[in-house]
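Because the structure is predicted, anything quoted here is derived from the model rather than measured.
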Amino acid sequence: VRILRKCVSSVQSPPIGLLMKLKLHEVLVRLLKNPSDKLKIEIAWILTNIAAEGSDNCKILIGLGVHEKLVDYLNIPNGELKEQCLWAIANIAGDGVFAVTALLKTKLVDHLAKIITNKANQLSLLRILCWILSGLSRVLPNPFSVLK
């Protein structure tokens, strides 16, 4: 998984299309059930890059419930995993109305509120959180209306 993460994180032509064509994203989603936080970090990093590569990829990931799993991981104490999940969520949030609506139907807002109010959190988490909020509000005029 680490080698795959390094490949898709390369600056020059990451093989995201090939990864999707081979359905490796489905394997990665199943591997998210593994108890290893280190493995989850690597997978979340790959998913971050997949989500950054276009709307079709985001829709596929949302269809697999990736956004729900990433949001669930925001509740764990591992700061590195939490940060990587926030990056992936930010990329998904920037994809459009469909993605924002899917994210807002999870417990994302509750987790973001906990991150904002926890003074122990690193500044890097708060920066990503601002990016997420920007993505949510950029897509929908009143993003939190879907929570009603």
Side-chain angles (χ1 to χ4, degrees), residues 1-116 121-140 143-144 146-147:
V1 173
R2 180 172 284 141
I3 292 169
L4 182 58
R5 190 258 307 153
K6 288 181 180 183
C7 285
V8 300
S9 299
S10 67
V11 176
Q12 296 180 341
S13 24
I16 302 290
L18 178 61
L19 183 147
M20 299 299 285
K21 186 176 181 180
L22 295 173
K23 308 263 185 223
L24 292 177
H25 60 288
E26 294 176 7
V27 175
L28 294 169
V29 172
R30 286 194 301 272
L31 285 173
L32 279 173
K33 295 177 184 173
N34 188 291
S36 167
D37 282 354
K38 287 185 180 195
L39 181 61
K40 288 175 189 168
I41 291 166
E42 296 287 346
I43 293 169
W45 196 335
I46 295 168
L47 295 172
T48 300
N49 287 311
I50 291 172
E53 287 291 319
S55 200
D56 290 341
N57 290 348
C58 281
K59 286 179 181 163
I60 290 168
L61 293 179
I62 290 168
L64 292 171
V66 166
H67 63 298
E68 295 166 342
K69 291 173 178 61
L70 294 169
V71 169
D72 287 344
Y73 290 143
L74 296 179
N75 201 33
I76 62 161
N78 184 318
E80 189 178 359
L81 178 55
K82 189 181 295 187
E83 184 169 344
Q84 194 57 56
C85 288
L86 283 170
W87 277 115
I89 290 166
N91 282 354
I92 293 169
D95 193 58
V97 174
F98 176 77
V100 167
T101 302
L103 283 167
L104 290 176
K105 288 181 179 177
T106 68
K107 295 185 183 216
L108 177 64
V109 174
D110 294 336
H111 291 300
L112 296 182
K114 287 178 189 174
I115 292 169
I116 289 172
N121 279 322
Q122 299 175 353
L123 185 57
S124 60
L125 288 181
L126 297 176
R127 285 183 180 140
I128 303 166
L129 188 137
C130 288
W131 185 35
I132 292 170
L133 292 174
S134 170
L136 294 175
S137 60
R138 181 179 62 241
V139 174
L140 296 174
F144 302 105
V146 299
L147 297 175

Participant: What's the shortest heavy-atom distance between I116 and L126, and which atoms?
Facilitator: CA-CD2, 4.1 Å
Participant: Kindly state each residue pair satisfying ring pair (Phe, Tyr, Trp, His ring centres under 6.0 Å) with at least one member in residues 8-43, sequence neighbours excluded.
Facilitator: none
Participant: Taking only residues two or more places apart in sequence or in another chain, which ones pass side-chain contact (heavy atoms from CB on, under 4.5 Å) with L22?
Facilitator: L18, L24
Participant: Taking only residues at least two apart or on different chains, which pairs with a member in residues 42-66 satisfy ring pair (Phe, Tyr, Trp, His ring centres under 6.0 Å)?
Facilitator: none
Participant: List for me each residue that meets ring-ring contact (aromatic ring centres under 6.0 Å, His included) alongside W131, sequence neighbours excluded, and say none if there are none.
Facilitator: W87
Participant: Nearest 0.5 Å, please: how far is NZ in K105 from OG1 in T101?
Facilitator: 6.5 Å
Participant: State which residues pass side-chain contact (heavy atoms from CB on, under 4.5 Å) with D110; sequence neighbours excluded, sorted by chain then number.
Facilitator: K107
Participant: Testing P14, S9, C7 one by one against N49 for a side-chain contact (heavy atoms from CB on, under 4.5 Å), which residue passes?
Facilitator: S9
Participant: Side chains of L136 and L108, heavy atoms from C-beta outward: is any pair under 4.5 Å?
Facilitator: yes
Participant: Among pairs that include at least one residue of residues 52-69, which meet side chain to side chain donor-acceptor pair (under 3.5 Å), considering only residues two or more places apart or in two chains?
Facilitator: S55-D95
Participant: Which atom pair, heavy atoms only, marks the closest approach of A93 to I132?
Facilitator: CB-O, 4.4 Å
Participant: If we only count heavy atoms from C-beta on, is the V66 to I60 side-chain gap below 4.5 Å?
Facilitator: no
Participant: Which pairs with one or both residues in residues 5-27 pass salt bridge (Lys or Arg N to Asp or Glu O under 4.0 Å), sequence neighbours excluded?
Facilitator: R5-E42
Participant: To the nearest 0.5 Å, what is the distance between CG (N75) and SG (C85)?
Facilitator: 11.5 Å
Participant: Evaluate the side-chain proximity of L86 to I115: yes if any heavy-atom separation is below 4.5 Å, no if none is.
Facilitator: yes
Participant: When rounded to the nearest 0.5 angstrom, what is the spacing between CG in L31 and CD1 in I43?
Facilitator: 4.5 Å
Participant: Decide yes or no for I46 and L19: does some side-chain heavy atom of the first lie under 4.5 Å from some side-chain heavy atom of the second?
Facilitator: yes
Participant: Indicate yes or no: at least one non-hydrogen side-chain atom of L4 is less than 4.5 angstrom from one of L28.
Facilitator: yes
Participant: Any side-chain heavy atom of V100 within less than 4.5 Å of one from R138?
Facilitator: no
Participant: Could you state the interatomic distance from SG (C58) to CG (L47), rounded to the nearest 0.5 Å?
Facilitator: 10.5 Å
Participant: Could you pull out every donor-acceptor pair under 3.5 Å between side chains of residues 76-84 and any protein atom, sequence neighbours left out?
Facilitator:
from : atom 1 : to   : atom 2 : distance (Å)
N78  : OD1    : E80  : N      : 3.0
N78  : OD1    : L81  : N      : 2.9
N78  : ND2    : D37  : OD2    : 3.2
K82  : NZ     : I76  : O      : 3.4
E83  : OE1    : S124 : OG     : 3.3
Q84  : NE2    : T48  : OG1    : 2.9

